[in-house]
Amino acid sequence: MENSNRRNFIKRATLGSVGVATSAMILPKLKAFSQMTKNSLPVDSEWKSTTCQGCTSWCSQQVNVINGRAVRVRGNASSKVNMGEGCVRSHISLQQVYDPDRIKVPMKRTNPKKGRNEDPQFVPITWDEALDTIADKIMELRDNQETHKYMLMRGRYTYMRDLIYDRMTKIIGSPNNISHSAICAEAEKFGPYFTEGEWAYRQYDIKNAKYVLIWGADPLSANRQVAYYSAFWGDSLDHMQVAVVDPRLSITATKASEWLPVKPGEDGALASAIAHVLLTKGLWYKPFVGDFAENSAINRFEAGKEILEEKPGDVFQEIHTHGLIKWWNLELKDKTVEWAAEKTGLSAEQITRVAENFGKAAPQAISWVGGGPVMQARGGYASMACHVLNALTGAVDNEGGALKANKEYTISFPSPNDYIDAIAKAGKKHKKIDHRGRKEWPVLSKGKSGGGVITNNAAEGIINEDPNEIKVAIAYFNNFAFSCPQSERWERALSKIPFLVHCTTNGSEFTQFSDIVLPCSHHMYEKWGYVKSYANGYRHVTLLQPSIEPFWDVKIEETEIPWLLAEKLEKRGFSNLLDYYKSIKDPETNKAPETDKEFALFSLKYATQTLWDPNQYKGGDKFSGWDEFSKVGVWNSDPYPFRKRWGKMKTKTKKFEFFSETLKASLEAHAEKHHTDVDDILETCNYQARGEKAFVPHYEEPLMKGTKEEFPLVHVDFKSRFNREGRSANCTWYHELKDLDPGDNANEDVARLNPIDAKKYNIKDGDRIKLVSPVGEIECNAKIWEGNRPGTISKCYGQGHWAYGKVASEEFGKKPRGGNNNVIIPAEYDRLSGATAFYGTTRVKVVKI
Amino acid sequence: MKNIKSIIWYSCLIAILLLGIYGVIVQTIEGHAVTGISKQVPWGIYIAAFTFFIGISAGSTIISFIIHVFKVEHLKSIEFKTIAVGLISLVGAVLFLIADVGNPIRMMKVPIIMRNTSSVFFYSSISYYIFGGLLVYQLVNYVRAIKNPKNEKFRRNARILAIILFPLAMGIVLVPDGALFSFVKAREFWNRPLLLPHFANAALVSAVAVMVVIAYISEKIEKVELLNLSAKVLIGYMLIFLVAGVLFLDLFDILVLRYSEKPEGIEAWKALTNEHLVFFLVNILGLVFAGILLLIRKGREFPNLFYSAILIILAISAYRYNLIIIGQEIPLFKGQNVELYFPTLIEIYICAGVTSFMTLSYHILIGKLKIKSIIKNNI
Amino acid sequence: MENKKNQRRDFLKKAGLGLATIASVSAFSSPLPTNEEKKRLAMIVDLQKCTGCGACTLVCKNENNVQDGVFWANKICKTEGKFPNVRYDYIPTLCNHCDKAPCVKVCPTQAMHKDENGITMHDTEKCVGCRYCMVACPYQVISYNGEKPHKRWRSEEKLMVGTASPKELNEKVGGDTIPYYNPERAETYPGIRPKNVVEKCTFCDHLVKKGEKPRCVQRCPSKARTFGDLDNPNDKVVSLLGKHSPFRLKENLGTEPKVFYIRNFNPGKYPR
Amino acid sequence: MELLEKEKSASLYRFLAECFYYPDETQFSLIKELSDELIGLDNKFKLEDIEIDALQIEYSRLFVGPFKVLAPLYGSVYLEEGRKIFGDSTMDVMDIYKEESLKVDLKEPPDHISIELEFMSYLISKEVECIQCGNVELSSSYFNKQKAFLIRHLEKWIDDLFEKVMSQTENIFYKELVKSVKDKVFNDLENVYSN
């Protein structure tokens, strides 16, 4: 019996013997059980690695996908930059990707009239029709040899950007690829570049710092590395003191030991005074800066007294720096605490206390430069003035100091030169639409005259057809009609472009002026790409990967759309672009892409090959191959090499320059280009410095639009901890948690006034008010709040969309919900860096409605 | 003439009732989102009305006890009506509860199936069943007693029941309901030892006032003199005594709020003198004027007695409203905003509807049972 | 066996309602008593670490599918002082899971009850909607569903021709009312609570049962929250409480809250 | 080649575990899908002809029971005196699972047949994993665990269950199923885990 049974079984269960293993694929690994130590989630639940681009922290994140839906978000523990953490805004992305107001299908405009109050009357079309139309327009330009009248605008990006932003524009044959960088924080890079040769943001080693002096940055709520700093802030407070310079009580200021509510635009004065205190009290860090010569008659800095050197090093022997005595003579000697107290509106005691404690903490004393003091007209010098404090305390490149980015090893896409034909070459030779490099626009990005972009000035170029008209424009991941100051100019500029394509997730203000709207993938959930960022002494390269199936007919704007367009162009006899794209092959199989989807993936694998291919290993994390890299989602660099750059900086003198020979060379080159001298350039560009002062960090008075009499209050713009750049206003979570920005109210857009001003202008809490500046006016509610400097009115950026969705606007396409700061901020610039001024630039008056 | 008046009166009542029904329908479909309640103020006007009517219910039962046990012959004529009012306002109060809770059907099961003996709510809901049942039985006794004046059994039953009902009214209706609030430690405004006497006192005075109103209207409309002069005088004295009691307690409250300098007290005082000023004034001035009216010689006669009764009813409803609403509006944490409650139209519809329903029930009870004539004969 | 029958019927009922996923299919028997030890769960919030970002509030809404306008995890924030000596304070709040919970005491139906681990749980099936718990709770952490939750997501209105209605989107992605609906919540409590009942924080009991921490603890960006068992001397909560002098909200009321706070939000070392 | 055998064995245990769940529509179609994968099953086992309703009724009758469970699917019923659920043997399986840091998610006693079968499948697939990584020590420990588990639990009561089902039902599916389980267990013990 038993035997026969067994035989039966064996017969039946030879079963096993012929290819059963597949059933394992259908079934989840565990059904009746769950792993106790690990997360036990429903059977078809998975964490997929991707990246959050809610701000430029660019944290590596993971998305929990259950039954094909994204349900949860968490930080990717494999990243050494954000270490499994993510800030609050990463979670709002769920409401972004599942925003019912996202555009489902391509659309075209049927109302030929363009303007703020014109309903575009969009109608859905197919991708084919949309791309055919665009291809026709481009071909028309090419046929007429006017490819320079094509323009590409981009906002946020991944590093796949070059495929559309750079290569596509070049191959079509236009000089006009305009990025948003100048409305980001270019001036923040200005100071570090002209002192230590790094055109980049910094990372700050708060784990080892003893004193952190923060200038107009709010790292616990916005940019950069919010996740990293939030994770270590509380415990770091045990060993570090924090002083925050900001006209409003930011969240970082509430978690600081000192709040210095400086008058807007006067940061430079404070910085100079602090440097003055450090020098007169002998608190500079001697192993980095150096000291007075032993046999020198002068052995200290005395207020008001110039120090004369017959030849450099006579009196003061510098080690890793250059030009300290010149700086003292040109700028610092008279910048006493009392002088600064008057300028900044702070008490002399506080300035002295902060300066002394800051100096005593050297070299673990960080001067942290944020956008606040620098994204101002003349902000470039404030950027230098604040940043150089890092050199006085020896925090540059030091433990507990201000560090640059670590090395990473991504590969740039192949050169397009072989694919640029004669038409394109001719087109490319034209001048750019944003006027960079002209006499009044030095824009010394990386020291080169006209090296950077002047995003906001492109509007003027388009409106005035200067240097030429724009006939066809494609834009992606941007919303200049909302995000650029004096945004009304963009409304006029965009109305003027006869054929405008917008690649976007939501129908935005920009979209309202477009002829074709292309629905785009959400960066975090539906897109292939990679970005890099740094903190914690590491740099990571983190992948953006589709974690869910797109539920609408959307495409990736940086890869799939240009590919599809290239296919259309090829059909019209212009195959260069497609040929170029096809040259980017899958490194694993060496296969050329054949579809848009393949192109998106192959180009990403191409760009990151050195990170994941063990045969091409160069450093940092090592992977067995693409599959592992894609699963982990992030590559980490080697740890930070401290003090490696001391004496080897990328400046003219190889040293940290208090007297910037680098800036001198750049400015002189720009002056020479325009056959004039540096003083003339400075005058043209609205700076106050003349002579050699132009080459040292120094204080410049703020430049504000409007008179004090007519517009008595200074507007203070700031960013919310819930802003996913300007894109969270259509999420209900954003509005109901808005009161988590200290001083703000939930479900409201408020402008905050100090009770003193409120009394002066007879405004009560909750009043409906109008903020009027010389260039525009917005409506919002009044909030009376003590955390605001008297004489200022602070308002958060992010609301005031008149088109972004049902939640974001009171009436879509017509009436905004709240007010957009950019309507009242005048288009003003720090012309040396090209940066748009957001702060310390706008005077307003308050009118009760 | 009389007919037309009563037609207008009844159509008004029915119209209001229909409005109330409309309100109930809307609220049932949409949920309590149509009311003014919020996270901070979860109990609104329904609960205020509930406390008002539960007070009247208990109060008028107590009056019936007084009449019966102390054999107050002057008031014999309203004895039946006190019980009728007691029952109807109990039903009304429960209706307000039903309007207030999310799952009325589940609520009906509270003392029977779903029990939590630590909850005062459990005891007060038991009390509604017991009390309601006994009131019905008492009513039946009265009807029988009146219909069979010879049969002493019903009178005796009624007397025993009246004696039972008194402690019930005091102990299991007023106490748990007053305590419903004062047990809540979270709301310091309620968590005061004198709240219960205040609550009970107010209940009594409002019940007496309601009886006066009924007596006056019966007299005017039905041309039946329910109360003779000495009865009115007696009631007048009762009212003076009770009004004074309530006023004293009010005064005490005010002083405590004003001068204790506890944050809740200060907030409550602010609320009383700002957003709730109207109700506060109605409460205090109503009682003061009613007292003055009663104190003057004519005050213990109709119509002055009637006017003072009306004032008292208004004052007590204002008191109930303030008690419930302010108790919740005071922020629980320092720095938190005061969240104001305003009843919405739907809430007002439903309140009016329930009140109209009670009035109609009273008419039907008195009218259908043809007790009017019987009483007349009896007297 | 009678018991089994009932369970079986329950199961069929559930399946009929279309709630059955593969995971719950096999769950046709009632849970048997586990032999896990009873715990006294508690949470510690380190205010010095807290940056007042509200991630706790947001991930809580996400985890528990909480509708707009309702917060299981909330905060108290206040600004005090006069310029420039201004102080801002922030205290995250949530259900304190009090040992002597007033809400449990006053609930007429035992819908609000304590579970074996000291979690104050709520049973929507028993809830009358009387809101007595809300009135009795000194911390204002209970909310009432005055209407069917997630009204916005039930709408069929489109923004324009090329967009979807919220309802359409949800149906397309296969969520339950909301497209980012978290099905795990439904393992121990309705995934989205019905109309006319109250709801509040459950210490993420569905996660705790699996040995995970509540989501707000997991996802606090500044790691300000610690969660554990007060009865276990080796637990981190116990050592943390010993290290700092903790406080609780409204301790004087004697509710014995189990959410403790340590250190200060504002580290200012100079007079503010 | 041996590796493949092991993988198949794991799959088979997993499949058998699935068969003991309540056959609602999802589960039934899953079983069907899986049985298609299991090439070589003879016709008796093909599920096309079996009506789901009948199967459900039979399942309820046999294993859930309105009044009396005819053939309980829990080990303790057969192993413990007095046929109680949650006896020492139950505790023993709990401990074994715990060692593997596994937690039973199913709302069933931990010695439910589906759970035990799945556990076997888990152990085997773990072994396979270890072999693939070249971790000989660990893989052989998993092998020993499989053997111990079979001997300590499944072997002890599977025959009783088999008898019970055989005597109580005419349903071909469940008859064949218990037969297969029994065969698989004894076959493995004899051939695979014999030394």
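Chain A is the first sequence line, chain B the second, and so forth, proteins listed ahead of strands; every chain is numbered from 1.
- A cation-pi arrangement is found for C:K223 relative to A:F232, the charged atom lying closer than 6.0 Å to the ring centre and inside a 45° cone about the ring normal.
- C:R152 and A:D99 make their closest contact through NH2-OD1, 4.5 Å (heavy atoms, listed as atom of the first residue, atom of the second, distance).
- Residue contact with chain A, scored on non-hydrogen atoms closer than 4.5 Å, involves the backbone of C:S165 exclusively.
- For A:R102, the part sitting under 4.5 Å from any heavy atom of chain C is the backbone (N, CA, C, O) and nothing else.
- With hydrogens and angles disregarded, no donor-acceptor distance shorter than 3.5 Å links the side chain of A:R72 to the backbone of C:N62.
- Side-chain contact check for A:P100 versus C:K158: every heavy-atom pair is 4.5 Å or farther apart.
- Shown here for A:E85 and C:C220, the closest heavy-atom pair between the two residues is OE1-O, 3.5 Å.
- In summary, the side chains of C:N266 and A:T254 do not present any donor paired with an acceptor at a separation below 3.5 Å, with no hydrogens or angles considered.
- Taken from OH in C:Y180 to CD1 in A:I66, the straight-line distance is 15.0 Å, to the nearest 0.5 Å.
- Atom CD of C:E80 has more than 12 heavy atoms from other residues, nucleotides or ligands within 6.0 Å.
- Qualifying ring-ring contact (aromatic ring centres under 6.0 Å, His included) partners for A:F551, counting only residues two or more places apart in sequence or in other chains: A:Y98.
- Of the inter-residue distances, the one linking A:D238 atom CG with C:K49 atom NZ reads 9.5 Å to the nearest 0.5 angstrom.
- Only the backbone of C:C50 comes within less than 4.5 Å of a heavy atom of chain A; no side-chain atom from C-beta onward does.
- The contact between A:L737 and chain C is made entirely by side chain atoms (from C-beta outward), counting heavy-atom distances below 4.5 Å.
- Looking at every heavy atom in both residues, A:F122 comes nearest to C:M160 through CD1-SD, 4.4 Å.
- Within the 4.5 angstrom heavy-atom criterion, no atom of A:Y229 approaches chain C.
- Contact count against chain C (heavy-atom pairs under 4.5 Å) is highest for A:R789 among A:R789, A:M107, A:E549, A:Q350.
- Heavy-atom distances place the side chain of C:Y90, and not its backbone, under 4.5 Å from chain A.
- There is no contact between C:K167 and chain A, counting heavy-atom distances below 4.5 Å.
- Contact detail for A:R721 and C:G52: the closest heavy-atom pair is NH1-O, 2.7 Å.
- Comparing C:C56, C:A224, C:G174 by how many heavy-atom pairs each has under 4.5 Å with chain A, the most go to C:G174.
- Counting heavy atoms from C-beta on, the side chains of A:V71 and C:E63 never come closer than 4.5 Å.
- For the residue pair A:D235 and C:Q48, no side-chain donor N or O sits within less than 3.5 Å of a side-chain acceptor on the partner.
- Distance SG/C:C53 to CG/A:L740: 7.5 Å, rounded to 0.5 Å.
- With rounding to the nearest 0.5 angstrom, the OG1 atom of C:T163 is 5.5 Å from the CG atom of A:D101.
- Neither the backbone nor the side chain of A:R89 has a heavy atom closer than 4.5 Å to any heavy atom of chain C.
- Considering only heavy-atom pairs separated by less than 4.5 Å from chain C, the leading option among A:V105, A:V123, A:D739, A:N754 is A:D739.
- A 4.5 Å side-chain heavy-atom check between C:R87 and A:E786 finds every atom pair outside the cut-off.
- With contacts defined as side-chain heavy-atom distances shorter than 4.5 Å, the pair A:W233/C:S222 does not qualify.
- Looking at A:H91 and C:R219, their side chains come closer than 4.5 Å, going by heavy atoms from C-beta outward.
- Only the side chain of A:I251 has a heavy atom closer than 4.5 Å to any heavy atom of chain C.
- Contacts between A:V73 and chain C at a heavy-atom distance below 4.5 Å involve the backbone alone (N, CA, C, O).
- Residues A:W552 and C:L169 have side chains in contact (heavy-atom distance under 4.5 Å, counting atoms from C-beta outward).
- In this structure, the separation between CD on A:E736 and CZ on C:F71 is 4.0 Å, given to the nearest 0.5 Å.
- Top candidate by heavy-atom pairs under 4.5 Å with chain A, chosen from C:E168, C:E157, C:K172, is C:K172.
- Atom NZ of C:K236 has 12 or fewer neighbouring heavy atoms from other residues, nucleotides or ligands inside a 6.0 Å radius.
- Closest non-hydrogen pair, C:A164 versus A:K104, comes out as CB-CD, 3.8 Å.
- For chain C, the option among A:V517, A:L220, A:L94 with the highest count of heavy-atom pairs below 4.5 Å is A:L94.
- Within the model, atoms OG1 of A:T732 and NE2 of C:H150 stand 9.5 Å from one another, a figure rounded to the nearest 0.5 Å.
- Heavy atoms closer than 4.5 Å to chain A are found in both the backbone and the side chain of C:V173.
- Among the candidates A:A231, A:P755, A:A746, the residue making the largest number of heavy-atom pairs closer than 4.5 Å to chain C is A:A231.
- Contact tally against chain A (heavy-atom pairs below 4.5 Å) for C:P166, C:P221, C:G69: the top residue is C:P221.
- Neither the backbone nor the side chain of A:N506 has a heavy atom closer than 4.5 Å to any heavy atom of chain C.
- Here the side chains of A:W785 and C:T79 are in contact, with some heavy-atom distance below 4.5 Å.
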